[in-house]
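Since the structure comes first, as structure tokens, the remarks are kept for the end.
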Number of protein chains: 4
Amino acid sequence: MKKNKPKYKQIIDAAVEVIAENGYHASQVSKIAKKAGVADGTIYLYFKNKEDILVSLFQEKMGQFVERIKEDIEKKDNASDKLYSLIQMHFRQLAENHNLAIVTQLELRQSNKDLRLKINDVLKGYLGIVDEILKEGIEEGLYHPEINIKLVRQMIFGTLDEVVTNWVMKEQRYNLVSQTKDVHHFITNGLIK
Amino acid sequence: MKKNKPKYKQIIDAAVEVIAENGYHASQVSKIAKKAGVADGTIYLYFKNKEDILVSLFQEKMGQFVERIKEDIEKKDNASDKLYSLIQMHFRQLAENHNLAIVTQLELRQSNKDLRLKINDVLKGYLGIVDEILKEGIEEGLYHPEINIKLVRQMIFGTLDEVVTNWVMKEQRYNLVSQTKDVHHFITNGLIK
Amino acid sequence: MKKNKPKYKQIIDAAVEVIAENGYHASQVSKIAKKAGVADGTIYLYFKNKEDILVSLFQEKMGQFVERIKEDIEKKDNASDKLYSLIQMHFRQLAENHNLAIVTQLELRQSNKDLRLKINDVLKGYLGIVDEILKEGIEEGLYHPEINIKLVRQMIFGTLDEVVTNWVMKEQRYNLVSQTKDVHHFITNGLIK
Amino acid sequence: MKKNKPKYKQIIDAAVEVIAENGYHASQVSKIAKKAGVADGTIYLYFKNKEDILVSLFQEKMGQFVERIKEDIEKKDNASDKLYSLIQMHFRQLAENHNLAIVTQLELRQSNKDLRLKINDVLKGYLGIVDEILKEGIEEGLYHPEINIKLVRQMIFGTLDEVVTNWVMKEQRYNLVSQTKDVHHFITNGLIK
DNA sequence: AATGAATGAGATTTCATTCAT
DNA sequence: AATGAATGAAATCTCATTCAT
């Protein structure tokens, strides 16, 4: 399977670097090939086309992203801690990988609708985790039993995503992870006293 | 001033239609000109270049968008009603103008970083309104006095934006405005019982 | 007749200025109109098209140029003095009108073959003067009776033209008129001792 | 080095043909590509842009032109013969290559100032040869020791250039090379008996 | 498996000219 | 006579993808 060959990952990592450095639109296949140390044509032995590099990049990186969150959450034994952990891991992973943060928050959003639909597929894994936490919280009697789960999961994702995007746009000049507590409080308690 | 000439608005409205129908990248200047009923060259009497059409489109439309929200909010006399009104107006305006919703939520995000920086400028007006509501709510003793306003306004915007985007991506098959109550409840009270 | 109307000359003078300042290719009709203080459309009441402005410019300016040389030459009573006078007047007139020098030596040469054929027509008046001087010089027993007049007049024109062009390209940093004597000597005696 | 690849020369030769046939302004890159038997994009593997084709064309062709004159002159052992040889070679090479003559005498002059500055650089090689001949002629006691070399070389170039241009404009209907003797005589002895 | 030279479709923008007022 | 808003044709260059080696 191609995905295990070293060049597959090599090309994806090159793509992250190239896109982070040059921006989405200035990231030609030839630049990615050069950074990866392969010929242009070689790219097409591992990826169907340019879009496929980007989708694969997202799948690969977000797969790990989601996986690590899952692992971390398993250790917690109530919904609130799990939610806290989700937020913290979400922030931490992007804070630890600046290039990836730039690529996922800014550059990849410039892709067309088709690509973003595929990206959304990948995000389903993430939203699934949120769902689980919400259900658990309701069972535990912690969260309000009549919340609209589909809607709430969107709002939570929107909240976290916007916070990260702002941090990236501000050129990551402040500590993202230390906002975890405030964000957790907002999601849990809202604005009220 | 060119902005008052009918052709200026004619071209912007044509741009909204063309972009909503064809997508950002398939929206050639010639298509916009044709839809506006003018010659290609005429576009350049009113706009510096193609990007200028898009920036102007956003400024024009979002300017109105923000203005209407402001007007509506003025009528309310407490922060909670104002927040409710903000959410409702945000949803209603986009629900009433499907093409504009597609353009602002999906297509314009494909633009490059420069354009998005200009878009962010326009959004500052929106965020200013949120700020005001938050401060008022704190003064009224309704909202928690120690919330991080800069962070919270990001989260509120992220929440609303993501809800709208999901609705657009689901091809607007359900009623967006009727989600106002749930969204207001989430922002105000969070997840807890 | 249009050529006597003030706007006709106004437009031609504007064209000289605009071309000298901006170069041939950056001299749009609208720039010339603006400099002349008329509307774009007005240009077309006085000139058939853009090329016609340039041809007229050349005719008008070179007509005067040739006329002045003729007047000056009439005062001299032998071929050698006339040739000297021709060279001096050629240099002096261009030295006194920097903009015109730039336009005729550099910018107008960028025009296409058709325009240059028309320019050559205007130059026939100039070459006619040279012819007369040469014939007179032969009759006076001063110039060699077997020179090929058609060829020699080309060479004389080429000589003067190249000297002026070099002076313009060197940004007119030295005195052109003071080269008259050397040039006259070269044309008269050639290289030999 | 790309200059040795056959396609480099192939494209330059196609450019000469296309420009001679269609004129400078009607010589689109696509026409040159077609004549060269390559795709439009291939042009840009060998040349930076369209102007670069023209500069390279001039450098390549004038480089050979000057080189051949140098070779021929070396065989002669006095300044007069060398000057004769220079004139003859100048005329012969352009007479033998009608298309090149059209391109260098008429079409390339329509280029903008930048291109012409680069062209002038190439011409320096030519002017250097003239300089050498003049110095040698003075040493041999043949040419007048007080001639202004910088000025004279301009005049010689202007003379030859104008003769060739006239011949090209007259559509090469007479024999250019057979004018060598008369031109040499004019340059050497001037007009006098 | 890998290369990289070659391909060729496609879009923004300029500007000379027109013509209704 | 004068205006100037509107027209619309036309060309360079990029870059994802292919395929012969």
Side-chain angles (χ1 to χ4, degrees), chain A residues 2 5-8 11 25-34 36-54, chain B residues 2 5-8 10-11 25-34 36-53, chain C residues 2 5-8 11 25-34 36-54, chain D residues 2 5-8 10-11 25-34 36-53:
Chain A
K2 289 199 165 156
K5 301 249 178 137
K7 279 190 184 160
Y8 179 84
I11 291 166
H25 283 112
S27 294
Q28 295 84 351
V29 171
S30 60
K31 255 185 204 155
I32 296 173
K34 198 171 178 184
V38 300
D40 293 15
T42 305
I43 298 268
Y44 292 86
L45 299 174
Y46 293 89
F47 301 91
K48 222 170 55 247
N49 50 36
K50 188 180 180 181
E51 182 178 306
D52 189 30
I53 307 176
L54 304 173
Chain B
K2 289 207 165 144
K5 297 245 181 142
K7 276 189 187 158
Y8 179 81
Q10 209 169 307
I11 291 165
H25 283 111
S27 294
Q28 297 85 347
V29 170
S30 61
K31 260 185 200 155
I32 296 172
K34 198 170 179 183
V38 300
D40 292 16
T42 305
I43 300 269
Y44 292 86
L45 297 177
Y46 294 89
F47 300 91
K48 225 173 47 249
N49 50 37
K50 190 179 177 182
E51 181 178 306
D52 189 32
I53 307 176
Chain C
K2 288 194 167 163
K5 301 250 177 136
K7 279 189 184 161
Y8 178 83
I11 292 166
H25 284 111
S27 294
Q28 296 85 351
V29 171
S30 60
K31 256 186 205 156
I32 296 173
K34 199 172 180 187
V38 300
D40 292 15
T42 305
I43 298 270
Y44 291 86
L45 299 174
Y46 294 88
F47 300 91
K48 222 170 55 247
N49 51 36
K50 189 182 180 181
E51 181 178 305
D52 190 30
I53 307 176
L54 305 174
Chain D
K2 284 200 168 154
K5 298 245 183 143
K7 277 192 184 154
Y8 178 82
Q10 208 170 308
I11 291 165
H25 285 111
S27 294
Q28 298 85 348
V29 171
S30 60
K31 260 185 203 156
I32 296 173
K34 200 170 179 186
V38 301
D40 292 17
T42 306
I43 300 270
Y44 293 87
L45 298 176
Y46 294 90
F47 301 91
K48 226 172 48 248
N49 51 35
K50 190 181 177 180
E51 182 178 306
D52 190 31
I53 307 176

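The chains referred to below are lettered A, B, ... by the order of the sequence lines, with proteins before strands, and numbering in each begins at 1.
- One can place CD1 of C:Ile43 at 10 Å from P of F:dT3, the figure rounded to the nearest angstrom.
- Distance A:Lys34 NZ to E:dG4 C1': 13 Å, rounded to the nearest Å.
- Backbone-only contact: A:Lys7 has heavy atoms under 4.0 Å from sugar-phosphate atoms and none from a base.
- Residues satisfying the side chain to side chain contact (heavy atoms under 4.5 Å, CB included) criterion with B:Lys31, sequence neighbours excluded, are B:Val18, B:Asn22, B:Ala26, B:Gln28.
- A distance of 6.0 Å separates NZ in B:Lys50 from CD1 in B:Ile32, rounded to the nearest 0.5 Å.
- Here CD1 of A:Ile53 is found 7.0 Å from CD1 of A:Ile11. Values are rounded to the nearest 0.5 Å.
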Please report the C-alpha distance between A:Val29 and A:Tyr44 in whole Å, then the side-chain angles of each, then the deciding distance to 0.1 Å, and finally whether the side chain to side chain contact (heavy atoms under 4.5 Å, CB included) criterion is met.
CA-CA 10 Å; A:Val29 171; A:Tyr44 292 86; 3.8 Å; yes
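- In this structure, C:Ile32 places its CD1 atom 17 Å from C1' of F:dG4, rounding to the nearest Å.
- The distance from atom CZ of C:Phe47 to atom CG of C:Leu54, rounded to the nearest 0.5 Å, is 9.5 Å.
- Axis angle, first five pairs versus last five pairs of the helix from E:dA2-F:dT21 to E:dT21-F:dA2: 10°, rounded to 10°.
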Can you give one letter per nucleotide of nucleotides 13-21 of chain E, going 5' to 3': B for a protein heavy atom under 4.0 Å from the base, S for sugar-phosphate only, - for none?
BBSSBB---
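- Phosphate proximity of E:dA2 to A:Tyr46: present, with a side-chain N or O under 4.0 Å from OP1 or OP2.
- Residue D:Lys31 contributes atom NZ, which lies 20 Å from atom P of E:dG8 at whole-angstrom precision.
- The side chain to side chain contact (heavy atoms under 4.5 Å, CB included) search around C:Asn49 returns C:Glu51, C:Asp52, not counting sequence neighbours.
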